[in-house]
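Structure first, then comments.
Being a predicted model, the structure only gives us computed values, none of them experimental.
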Amino acid sequence: MSLPPLLLEDLARVLVQAAGLSLADGLDAKLADGLEAAARAEAQPLRAFARRVLAGEPGAITVLIEHVVVSETAFWRHPEQLAAVGRLAAEAAGPLSIWSAGCATGEEPYSVAIALLEAGRAGTG
């Protein structure tokens, strides 16, 4: 189902306000897919569910967030990115600051730490 761009913009604003979750440009499909999945999970028509979200209903917003965010976590989830982190870390001088945004259960930051150790960048703390 094709959703009106204004509806998607309004839903995206709710996600920013409710959870600081900002979907970058080009993620309308992810939001639309998440909305459809959330509506199915709530056994509601899509537009009825969207109205609940737009009305600020916490339960509906929570369900939408659960269906929009990446729910995959694993060690070495994106090996090409971890290899790049290792290469850049090996070449960098001085302390590093690395942020792992998607780390629901911690596998990603541990993978980054292992990549840093393998690159010869053991921490001092």
Could you point out which residue of Thr62, Val68, Leu64 forms a side chain to side chain contact (heavy atoms under 4.5 Å, CB included) with Glu66? Thr62

Less than 4.5 Å apart, side chain to side chain, heavy atoms only: is that true for Ile114 and Glu118? yes

Closest contact, heavy atoms only, Ala50 versus Leu11: O-CD2, 4.2 Å

Donor-acceptor pair, distance only, cut-off 3.5 Å: does the side chain of Arg121 make one with the backbone of Ala92? yes

Can you tell me if Phe75 has over 12 outside heavy atoms packed within less than 6.0 Å of its CZ? yes

Can you run down the side-chain hydrogen bond (donor to acceptor under 3.5 Å, both in side chains) pairs that involve residues 87-98, sequence neighbours left out, and say none if there aren't any? none

How many angstroms lie between CZ in Phe49 and NE2 in His67, if you round to the nearest 0.5 Å? 8.0 Å

To check you understand the geometry: which heavy-atom pair defines the closest contact between Ala90 and Ala119, and what is its length? CB-O, 3.8 Å

Nearest heavy-atom pair of Ala19 and Ile65: which atoms, and what distance? CB-CD1, 3.6 Å

Any chance you could measure Leu31, atom CG, to Leu15, atom CG, to the nearest 0.5 Å? 6.0 Å

Using side-chain contact (heavy atoms from CB on, under 4.5 Å) as the criterion, list what pairs up with Gln17, not counting sequence neighbours. none

Pair Lys30 + Asp33, salt bridge at N-O below 4.0 Å: no

Grouping I, L, V, M, F, W and Y whenever their side-chain heavy atoms are under 4.5 Å apart, do Leu117 and Leu82 come out in a common cluster? no

Could you walk me through whether Leu7 and Arg47 pass side chain to side chain contact (heavy atoms under 4.5 Å, CB included), step by step? CA-CA 10 Å; Leu7 174 61; Arg47 293 191 189 271; 4.0 Å; yes

Tell me whether Leu88 is reachable from Ile98 by hopping between hydrophobic residues (I, L, V, M, F, W, Y) whose side-chain heavy atoms are closer than 4.5 Å. no

Please identify each residue that fulfils salt bridge (charged side-chain N to carboxylate O under 4.0 Å, His left out) with Arg52, with sequence neighbours left out. Glu42, Glu57

